[in-house]
Amino acid sequence: MPAYVRVAKSSEIQPGTAKRIEAGDKLIALFNLEGVFHAIDDTCTHRGGPLSEGILSGNEVTCPWHGAVFDVTTGEVISPPAPLGVAIYPVRIAGDDVEVEI
């Protein structure tokens, strides 16, 4: 059964940035879009690039390896070469803690 797991302090991730987190057996990219947090799989569906290290522009992240673009709010692939989108995870804030449901 899915449960929320504390993964970071909100103050650790500045607006417009991302952080790679581990929650359970998952690698997740946690993004701060102007104070609203979003979590997606950290692994690009093209060749496995780390999306948390990509370039964030608005709600889009570009994979640093081959340039695939994903919407961090929906996980959908916007631009190839990635063939598929990535999973998204619900995020909630509890005080200063960021929690992700896995």
Legend entry - V98 and its side-chain contact (heavy atoms from CB on, under 4.5 Å) partner, picked from N32, V5, I93: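 Filter result, single survivor: I93.
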
Legend entry - Pairs satisfying salt bridge (Lys or Arg N to Asp or Glu O under 4.0 Å), at least one member in residues 75-102, at least two apart: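 Every salt bridge (Lys or Arg N to Asp or Glu O under 4.0 Å) pair that includes a residue of residues 75-102, provided the two are not neighbours, is R6-D97, K9-D97, R92-E99.
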
Atom pair [atom1] ([X]) and [atom2] ([Y]), whose distance is rounded to the nearest 0.5 Å:
X: L33; Y: N59; atom1: CG; atom2: CG; result: 6.5 Å
X: C63; Y: L51; atom1: SG; atom2: CG; result: 5.5 Å
X: R20; Y: E22; atom1: CZ; atom2: CD; result: 7.0 Å
X: D71; Y: I88; atom1: CG; atom2: CD1; result: 9.0 Å
X: D42; Y: I21; atom1: CG; atom2: CD1; result: 9.0 Å

Inset, instruction - Side-chain contact test, heavy atoms from C-beta onward, threshold under 4.5 Å: evaluate it for I13 versus L30 and give yes or no. - result: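 SC-SC contact between I13 and L30 confirmed.
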
Inset, instruction - Keeping the roles fixed (side chain from T45, backbone from L84), state whether a donor-acceptor pair exists under 3.5 Å. - result: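 Checked: pair present.
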
Legend entry - ring-ring contact (aromatic ring centres under 6.0 Å, His included) contacts touching residues 40-96 (sequence neighbours left out):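 Passing the test, one end in residues 40-96: H46-H66.
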
Inset, instruction - State whether the number of non-hydrogen atoms from other residues, nucleotides or ligands found under 6.0 Å of K19 atom NZ is greater than 12. - result: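 More than 12 within 6.0 Å, yes.
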
Inset, instruction - Show your reasoning for whether side-chain contact (heavy atoms from CB on, under 4.5 Å) applies to E60 and V72. - result: CA-CA 6 Å; E60 298 177 0; V72 302; over 6 Å; no

For [X] and [Y], work out which heavy atoms get closest and say how close.
X: P90; Y: Y4; value: CB-OH, 3.5 Å
X: I28; Y: A23; value: CD1-CB, 4.0 Å
X: S11; Y: Q14; value: O-NE2, 3.1 Å

Inset, instruction - Would you check if there is a donor-acceptor pair between the side chains of D41 and T43 at a distance under 3.5 Å? - result: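 Per modelled atom types, T43 and D41 side chains form no pair under 3.5 Å.
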
Using the rule that two of Ile, Leu, Val, Met, Phe, Trp, Tyr join whenever any of their side-chain heavy atoms come within less than 4.5 Å, decide whether [X] and [Y] are in one cluster.
X: I40; Y: L56; answer: yes
X: L27; Y: V7; answer: no
X: V86; Y: F31; answer: yes

Legend entry - Sequence-distant partners of E53, side-chain contact (heavy atoms from CB on, under 4.5 Å), two or more places apart: P50, P64

